[in-house]
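Heavy atoms only: backbone and side chains are in, while hydrogens, waters and symmetry mates are out. Below, chains carry the letters A, B, ... as their sequence lines are ordered, and counting in each starts from 1.
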Number of protein chains: 2
Amino acid sequence: MPPNPQEARMINIREHFRAFLKDRNQRQTPERFTILEEIYKLNDHFDADELYIHLKGKGVNISRATVYNTLELLLASNLVVRHQFGQNQAKYEGAYRYRQHDHLICLDCNHVLEYCDPRIQAIQEMVAQILNFEITHHALHMYGHCKRENCEFRARKGLAGR
Amino acid sequence: MPPNPQEARMINIREHFRAFLKDRNQRQTPERFTILEEIYKLNDHFDADELYIHLKGKGVNISRATVYNTLELLLASNLVVRHQFGQNQAKYEGAYRYRQHDHLICLDCNHVLEYCDPRIQAIQEMVAQILNFEITHHALHMYGHCKRENCEFRARKGLAGR
DNA sequence: TTACTTGCAAATTATTTGCAATAAT
DNA sequence: ATTATTGCAAATAATTTGCAAGTAA
């Protein structure tokens, strides 16, 4: 039977990482592939420690140092992107065939939503020209309060699904 | 003789901070006013340690703890805003009569430029409605390479003012 | 076999906190 | 006189690094 689309995609992703490592003469260790696999299974935004704890929870024994080290490799190979939403830890997300998008961050529960608006690209190009700046990328973060039923905010304030 | 506009503005700013402190029953210490003064003299983006070093350089002896503590008060009184441009230190800027603006950050020399585009406000409102989110504020950072003569990038690469 | 990687613990960076001495009210 | 604030040093949080032991090529 043919592999399902999810697994076919994962095969491409692993192959991309394998090629990247080979190209840089870096070793294809089981730790690195385990981390890659878990990131794509998570399919969400996460921080380094969440990933470490998640692995521990599955009985996988990989040190924090290796998690951080592998995240650097995944960033360099464009299989992961890093975001700085707050003033604390960086958040990451899988980025295979990444389409530029921006983020809404709930200040109460840290829930992250994604959105995309073509006008941002237009603004970027205009600003670059006016200010004589070569822009490589941007980050547009919108902060506020989400309306999820189970948002911590509502829980704390006792506002029944306002 | 009448005070010049700069000094008149500074008087307003000090008065704003004084009122804020009195309102919260916090003390009007010389350290707090010295820090406020220096931030508005700097008239640029700075991080906590830069401010601390700057004060040291002027022979003012104020501890890092007090710098951080006072920055919190200035944030709470809306006389300063905080930005997170990179993954490291937070940057601050004086914000008296702050007009919303966004930032271009040079990845080579950390120089910061400001700009403003009304379309961002429109995007914010539209996204809030579509995703059912109450947005309190946003941060749009554009990263890239500036074209300043003395940008470290050019110095490093030996590109004479390309 | 070689030298890159790993795991652990110690180091580092940015920021915060505990506490005795000091000073604003 | 009270009690918030300061400076210092130690604590914390996130991340990085040094090094001996392990392992991919």
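At the heavy-atom level, N61(A) lies under 4.0 Å from the strands shown only through sugar-phosphate atoms. Across all strands shown, Q87(A) has no heavy atoms under 4.0 Å from either base or sugar-phosphate atoms. Within 4.0 Å of N69(A), counting heavy atoms only, lie sugar-phosphate atoms of the nucleic acid but no base atom.
Contact annotation: R64(B) does not reach the phosphate of dT6(D) (side-chain N/O to OP1 or OP2, under 4.0 Å). At dT15(C), one or more side-chain N or O atoms of Y68(B) fall inside 4.0 Å of OP1 or OP2 (strictly under the cut-off). Note on Q26(B): every side-chain N or O is 4.0 Å or more away from OP1 and OP2 of dA4(D). Close to dG7(D), at under 4.0 Å from its OP1 or OP2, lies a side-chain N or O of T66(B). OP1 or OP2 of dT6(D) sits under 4.0 Å from a side-chain N or O of R32(B). For T29(B) and dT6(D), the shortest distance from a side-chain N or O to OP1 or OP2 is below 4.0 Å.
The aromatic ring centroids of H83(B) and H103(B) lie less than 6.0 Å from each other. Ring pair H141(B)/F85(B): centre-to-centre distance below 6.0 Å.
Atom CD1 of I53(A) is separated from atom P of dA14(D) by 11 Å (rounded to the nearest Å). dT5(D) atom C1' lies 12 Å from atom CG of L21(B), rounded to whole Å. In this structure, the CZ atom of F33(B) is 12 Å from the P atom of dT5(D), given to the nearest Å.
In the hydrophobic cluster analysis, where Ile, Leu, Val, Met, Phe, Trp and Tyr join through side-chain heavy atoms closer than 4.5 angstrom, I120(A) is grouped apart from I105(A).
Taking only side-chain atoms of N88(B), from C-beta outward, the nucleotide of dA14(C), dG7(C), dA4(D) with the closest atom is dA14(C).
Here the side chain of H101(A) pairs a donor or acceptor atom with the backbone of R99(A) at under 3.5 angstrom.
Judged by closest nucleotide on DNA chain C, E31(A) is the one of E31(A) and E31(B) placed further toward the 5' end. If I62(A) and P30(B) are placed on DNA chain C by their nearest nucleotide, the residue sitting closer to the 5' end is I62(A).
Between F46(B) and K91(B) the shortest side-chain heavy-atom distance does not fall below 4.5 Å.
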